[in-house]
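Please read these numbers as outputs of a predicted model, since none were measured by experiment.
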Amino acid sequence: MARKDDFLKHIQDGNTNKGEFITLGAAMLDGETITNALVNVPLKTLNRHGLIAGATGTGKTKTLQVLAEGLSEKGIPVLLMDIKGDLSGLAVPGSPHVKIDERHAKIGIPHEAKGFPVEILTLSEQDGVRLRATVSEFGPVLLSRILELTETQSGIVSVIFKYCDDHKMPLLDIKDFKKILQYSTQEGKEAFESEYGRISTASTGAILRKLVALEQQGADLFFGETSFEVDDLLRVDDNGRGYINILRLTDIQDRPKLFSTFMLTLLAEIYSTFPERGDTDRPELVIFIEEAHLIFNEASTALLNQIESIIKLIRSKGVGIYFVTQNPTDVPEAVLSQLGLKVQHALRAFTAKDRKAIKLAAQNYPDTIYYDTASVLTSLGTGEALVSALDEKGRPTPLAATMMRAPMSRMDILSESELADLLSKSKLIKKYNETIDRDSAYEMLNRKIEKAQAEDEKEKVKKELEDLKKAQSKQRTTTTRRSSAMNPIVKVLTSATFIRSVFGILSKAMKKK
């Protein structure tokens, strides 16, 4: 009994906060939930990033749901990457259930069914608010990293952006960029060479092939206008609750390049536009990246470095990033070391590799006299997790095997009619879902090429006319000369003297006869 009392005091002392916090559940000891041993996460440290990990079916999605609900209730907007398509239920209240009541009785807090303000976003042709960005917004450096270009190829991309800037040609979508690539080594070759030096057709061909590969993953839907403004992720409803923005990615599994491209663009845009906030009492925005390995497994070294840099720096903008994945090893060590909150659901040890991964995962948590961490990681039940957070002073809270609270919203998806009703109320759909294809590099270059071709044709016709005139003039001159050469003979033959002489010769000849 004394051990249980000591444990309760240990947890309560480590989870007492002066400011606002979110309760995740109650700590467990020797498999028993200790009522009122509440495990809290201070809002002040939620911009320190985090990890939700665990094997399939252990409760990661429900933990994500609980955190999103808690943040929304506190007026903090959330962005969720919904790859499995099972988070739309956040928009409506959950259904009462005896098991939920039993769980919350053990934890020591009441359960209340609630729905939350939800906005559905999409990168593809699925229903929702369309997310787009222009090629110009990427800039030559970021675009080169996404396409994994060589130094020479990156230099060409920079030259192309410079040419478009100098000639006021907007680069909005994929067809704009493809057109200027082709133009640089064909119709506009001389112009490019005179202004910026020679551009290799082999290099532009390689860039074009990589661009086509990205286009085949759906980038043609992502690049363009109207460009999404990241400030629209920061909305709150009339009751002061933060919007939960759910990005539907159920059709993105086979297009990881597009997913990583979007994520890097989003983080770069947030970092460049959000003001510096320093150490605030609450985050401005929290982003949950489900199936995080899709970003890291497909990213090049340059792209990984960019992501790692942004994650390290974006905290000062008041933004927290949380990775949701099956195994902590899916996240690079350089990123893992930046994470303040770790919620580790059960891991399964089926192979020697699995057992090694569990030992490594256990080393990421604070030491405790109450648990054998590696053993606990394999014995946790569904809806239970090892939790390590940071207190308001940035110190690790006591490690706790936690009975997680149940979500307040529906733990299932919306029906088609419910989803349609939610979308019909969206203000952002009206703002972003109209496709705009305004005058940009593609149209401007086509006009330029057509004008050049028309001028070439005009010059060609003019030259042909001049050649024809020259030929006709030459022909008249030749005819005149021939006519002039025959005139003296004609004059002699038709003269009276010549005729009399001929008749005289004929008369003499006839007399002789």
Side-chain angles (χ1 to χ4, degrees), residues 11-28 33 36-53 59-80 87 90 94 100 103-104 106-118 236-237 239-245 279-288 315 318-324 339-345 383-409 411:
I11 296 297
Q12 287 180 335
D13 288 349
N15 285 273
T16 299
N17 300 284
K18 293 180 180 178
E20 293 182 289
F21 57 86
I22 295 172
T23 299
L24 296 183
M28 303 165 64
T33 303
N36 295 324
L38 301 181
V39 177
N40 302 322
V41 183
L43 294 190
K44 186 178 176 65
T45 63
L46 279 171
N47 64 338
R48 303 290 181 93
H49 313 318
L51 173 74
I52 302 171
K60 297 190 301 296
T61 302
K62 300 301 174 281
T63 295
L64 185 161
Q65 201 168 336
V66 165
L67 276 167
E69 291 173 349
L71 289 162
S72 177
E73 266 201 317
K74 301 294 184 182
I76 300 168
V78 175
L79 173 62
L80 304 179
L87 291 171
L90 278 157
I100 292 177
R103 175 179 287 261
H104 276 255
K106 290 179 182 178
I107 293 171
I109 55 176
H111 180 267
E112 183 182 359
K114 287 183 183 179
F116 295 84
V118 166
V236 295
D237 71 358
N239 298 314
R241 298 180 301 172
Y243 263 87
I244 299 175
N245 303 282
D279 222 8
T280 59
D281 291 335
R282 55 194 287 129
E284 294 297 312
L285 174 69
V286 175
I287 301 171
F288 291 88
R315 181 176 70 84
V319 178
I321 300 173
Y322 288 76
F323 300 99
V324 185
L339 308 182
L341 173 65
K342 298 185 181 74
V343 181
Q344 178 66 64
H345 289 269
E384 300 172 358
L386 269 179
V387 177
S388 173
L390 297 176
D391 67 15
E392 290 173 321
K393 294 184 178 179
R395 301 169 302 193
T397 58
L399 181 63
T402 305
M403 171 72 73
M404 304 297 287
R405 65 181 297 170
M408 293 179 275
S409 55
M411 291 186 275

Heavy-atom closest contact ([X] atom, [Y] atom, distance):
X      : Y      : answer
Gln65  : Ser409 : NE2-OG, 2.9 Å
Ala400 : Ile11  : CB-CD1, 4.0 Å
Phe116 : Ser72  : CD2-OG, 3.7 Å
Val236 : Gly242 : CG1-CA, 3.9 Å
Ala26  : Thr33  : CB-CG2, 4.0 Å
Asn17  : Pro42  : OD1-CG, 3.2 Å

Please check this pair: side chain of [X] against backbone of [Y], looking for a donor-acceptor N/O pair closer than 3.5 Å.
X      : Y      : result
Asn239 : Arg241 : no
Asn245 : Val78  : yes
Asn15  : Val39  : no
Arg395 : Gly14  : no
Thr402 : Ala27  : no
Arg103 : Gly383 : yes
His345 : Ala385 : no

Taking atom [atom1] of [X] and atom [atom2] of [Y], what is their separation to the nearest 0.5 Å?
X      : Y      : atom1 : atom2 : value
Thr61  : Met411 : OG1   : CE    : 12.0 Å
Lys393 : Thr45  : NZ    : OG1   : 14.0 Å
Arg405 : His111 : CZ    : NE2   : 7.5 Å
Ile109 : Ile107 : CD1   : CD1   : 5.0 Å
Asp391 : Thr16  : CG    : OG1   : 10.0 Å
Asn40  : Leu24  : CG    : CG    : 7.5 Å

Item to check | Salt bridge Lys18-Glu392, side-chain N to carboxylate O under 4.0 Å | outcome: no

Do the non-hydrogen side-chain atoms of [X] and [Y] ever get within less than 4.5 Å of each other?
X      : Y      : answer
Tyr322 : Thr63  : no
Leu43  : Asp281 : no
Ile52  : Leu67  : yes
Leu64  : Leu87  : yes
Leu341 : Val387 : yes
Val343 : Met404 : yes

Checklist outcome for this item: The ring-ring contact (aromatic ring centres under 6.0 Å, His included) partners of Phe323 (sequence neighbours excluded) come to Phe296

Item to check | Pairs satisfying salt bridge (Lys or Arg N to Asp or Glu O under 4.0 Å), at least one member in residues 64-77, at least two apart | outcome: Glu73-Lys114

Checklist entry - Quick check: are there more than 12 heavy atoms from other residues, nucleotides or ligands sitting under 6.0 Å from NZ of Lys62? => result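 Yes, the 6.0 Å shell around NZ holds more than 12 heavy atoms from other groups.
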
Next on the checklist: Lys342: which residues meet the side chain to side chain contact (heavy atoms under 4.5 Å, CB included) condition with it, sequence neighbours left out?
Outcome noted: Asn364, Tyr365

